[in-house]
Amino acid sequence: MSKLNEKLHVLFICSRNQWRSPTAEQVFRKHSEIAARSAGTSPNARHKVSIEDIRWAQVILVMEEKHKSRLTAEFTRLLENKPIHVLDIPDDYKYMDPELIEILEQSVPSLLGLE
């Protein structure tokens, strides 16, 4: 498979992998240029971020600064050459909240250079 046809591996991170990051994964799962996964930083996350997730990801998008801090603390060496972007989306939304979807659709493609 050529580099041109490969999708960008994007990992979305929030705390419990319950509302924000699964919504982002769902929204971008159908995007032609993105392969999306989601995970959480909390030990109680639905899917806790793993070494495999970090290795798989080419770009990591976190909802809040605290998620970036937790990832950096836990996976320092693995994150050395990986871009991590903070979306600044507070934990105010439910799964597939229309306002959350709109925020994601407005911010993510430009961050990833996919507009």
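Here the structure is a predicted model, which is why all the values come from computation and not from measurement.
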Could you go step by step and tell me if Leu8 and Glu33 meet the side chain to side chain contact (heavy atoms under 4.5 Å, CB included) rule? CA-CA 6 Å; Leu8 181 65; Glu33 298 174 70; 5.9 Å; no
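- Scanning both residues, Arg20 and His67, for their nearest heavy atoms gives NH2-CE1, 3.7 Å.
- The cluster map of Ile, Leu, Val, Met, Phe, Trp and Tyr, joined by side-chain heavy atoms under 4.5 Å apart, puts Leu112 and Ile89 in the same cluster.
- The structure places CD of Glu74 at 8.0 Å from CD1 of Ile51, a figure rounded to the nearest 0.5 Å.
- Side-chain atoms of Leu11 and Val49, non-hydrogen and from C-beta on, do get closer than 4.5 Å to each other.
- Looking at His9, its side chain does come within 3.5 Å of a backbone N or O of Trp56 through a donor-acceptor pair.
- Within the 4.5 Å cutoff, no side-chain heavy atoms of Ile84 are placed close to those of Val59.
- Side-chain N or O atoms of Lys82 include one that pairs as donor or acceptor with a backbone N or O of Ala57 at under 3.5 Å.
- Looking at every heavy atom in both residues, Thr23 comes nearest to Lys94 through OG1-O, 4.2 Å.
- Looking at Leu114 and His31, their side chains come closer than 4.5 Å, going by heavy atoms from C-beta outward.
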Would Gln26 and Met96 count as a side chain to side chain contact (heavy atoms under 4.5 Å, CB included) if you check the C-alpha gap in whole Å, the side-chain angles of each, and the deciding distance to 0.1 Å? CA-CA 8 Å; Gln26 192 61 40; Met96 297 307 281; 3.9 Å; yes
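- Counting heavy atoms from C-beta outward, Val10 and Phe28 have side chains that stay 4.5 Å or more apart.
- You'll find the side chain of Ile34 stays beyond 4.5 Å of the side chain of Lys7, heavy atoms only.
- Between Glu105 and Pro109, the closest heavy-atom pair is O-CD, 3.4 Å.
- Between Phe12 and Val62, the closest side-chain pair of non-hydrogen atoms is not below 4.5 Å.
- With sequence neighbours excluded, the residues that form a side chain to side chain contact (heavy atoms under 4.5 Å, CB included) with Gln106 are Glu102.
- Glu52 contributes atom CD, which lies 9.5 Å from atom CG of Leu78 (distance to the nearest 0.5 angstrom).
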Residues Glu65, Val86; criterion side chain to side chain contact (heavy atoms under 4.5 Å, CB included); working and verdict: CA-CA 6 Å; Glu65 192 62 51; Val86 181; 3.6 Å; yes
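- Shortest non-hydrogen contact noted between Leu79 and Leu71 is CD1-O, 3.3 Å.
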Please list every donor-acceptor pair under 3.5 Å in which a side-chain atom of residues 35-45 meets a protein atom from a residue at least two apart or in another chain.
residue: Arg37; atom: NH1; partner: Asp53; partner atom: OD1; Å: 3.3
residue: Ser38; atom: OG; partner: Asn17; partner atom: ND2; Å: 3.0
residue: Ser38; atom: OG; partner: Glu25; partner atom: OE1; Å: 2.7
residue: Thr41; atom: OG1; partner: Arg70; partner atom: NH1; Å: 3.2
residue: Ser42; atom: OG; partner: Asn44; partner atom: N; Å: 2.9

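- Hydrophobic cluster membership is shared by Ile60 and Phe75, with clusters built from Ile, Leu, Val, Met, Phe, Trp and Tyr side chains linked at under 4.5 angstrom.
- Counting heavy atoms from C-beta on, the side chains of Ser21 and Ile13 never come closer than 4.5 Å.
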Quick one: do Leu87 and Val108 satisfy side chain to side chain contact (heavy atoms under 4.5 Å, CB included)? Show the steps, please. CA-CA 8 Å; Leu87 297 173; Val108 171; 4.3 Å; yes
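- Between Leu100 and Trp19, every side-chain heavy-atom pair lies at or beyond the 4.5 Å cut-off.
- The line from OG of Ser50 to CZ of Arg55 is 9.5 Å long, rounded to the nearest 0.5 Å.
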